[in-house]
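Notes for the one structure printed next.
Just so it is clear, the model here is predicted, and its values are computed rather than measured.
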Amino acid sequence: MSDLDKLIAAVEGGIWPGPDMHDALGSDRRGELAYAAFNGSLDADLALHEALLPGHGWGAGPWGARVWLYSDHPKWDGSERHEVDMVNAPARAWLLAILRAYRQQRDGQP
């Protein structure tokens, strides 16, 4: 299990794993943004999204969050969407969607 997988699992469980997980995102700054997003900062989510996922769209609200890869195709089939339903924690939901999309992109999956 990679550090990124461990980070995703911890966030899913509602636990911040500590500063050792900052390396999972490639820099301390990205780790700090993830920590702030975990604690409710939508501004941190936006900054992390822009740093990790250029070319990806996003949506977040009280219903949860989703992240998707923009496509040049006129009809997007939704196959690249990462959606999380966390009614009481939209910033954490967006963080999870970001982390999952980043893992998919990093691992070279379509």
Side-chain angles (χ1 to χ4, degrees):
M1 180 180 271
S2 73
D3 284 346
L4 182 56
D5 292 327
K6 291 175 188 175
L7 176 60
I8 291 169
V11 172
E12 286 172 341
I15 300 166
W16 184 254
D20 293 342
M21 286 293 107
H22 288 188
D23 290 341
L25 299 177
S27 77
D28 283 342
R29 176 68 182 139
R30 291 175 179 173
E32 291 166 4
L33 289 170
Y35 178 72
F38 179 83
N39 286 303
S41 172
L42 293 171
D43 290 336
D45 272 320
L46 178 59
L48 186 63
H49 179 97
E50 290 173 346
L52 294 177
L53 300 170
H56 285 69
W58 61 272
W63 44 265
R66 58 178 75 101
V67 171
W68 64 90
L69 179 63
Y70 285 128
S71 174
D72 293 333
H73 303 289
K75 293 182 180 176
W76 174 66
D77 67 4
S79 62
E80 307 239 358
R81 181 174 65 190
H82 299 269
E83 188 166 344
V84 182
D85 180 19
M86 283 191 169
V87 174
N88 295 319
R92 195 170 297 170
W94 190 4
L95 174 61
L96 275 173
I98 290 167
L99 294 175
R100 290 174 182 165
Y102 177 64
R103 176 177 57 193
Q104 182 178 3
Q105 175 184 295
R106 186 198 68 176
D107 292 346
Q109 299 172 357

*So which heavy atom on A51 is nearest to which on P54, and how close?*
O-CD, 4.2 Å

_Which residues pass the side-chain contact (heavy atoms from CB on, under 4.5 Å) test with D43, not counting sequence neighbours?_
S41

*Under the side-chain contact (heavy atoms from CB on, under 4.5 Å) test, which residues partner A34, sequence neighbours left out?*
W16, L25, L48, L95

*Is any side-chain heavy atom of E50 less than 4.5 Å from a side-chain heavy atom of L46?*
yes

*asked:* How long is the straight-line distance from CD1 of I98 back to CZ of R30, given to the nearest 0.5 Å?
replied: 12.0 Å

*What residues form a side chain to side chain donor-acceptor pair (under 3.5 Å) with D5, not counting sequence neighbours?*
S2, R103

_Heavy-atom pair with the smallest gap, counting every atom of R92 and F38_ = NH2-O, 3.1 Å

*How far does CG of L53 sit from CH2 of W58, to the nearest 0.5 angstrom?*
13.0 Å

*Where is the tightest heavy-atom contact between Q105 and L52, given as atom of each residue plus distance?*
NE2-O, 3.4 Å

*asked:* Applying side-chain contact (heavy atoms from CB on, under 4.5 Å) to D3 and L7, what does each step give before you reach the verdict?
replied: CA-CA 6 Å; D3 284 346; L7 176 60; over 6 Å; no

*side-chain contact (heavy atoms from CB on, under 4.5 Å) assessment of Y102 paired with V67*: CA-CA 10 Å; Y102 177 64; V67 171; over 6 Å; no

_My understanding is that only residues two or more places apart in sequence, or in another chain, count here; which of them pass side-chain contact (heavy atoms from CB on, under 4.5 Å) with A47?_
L33

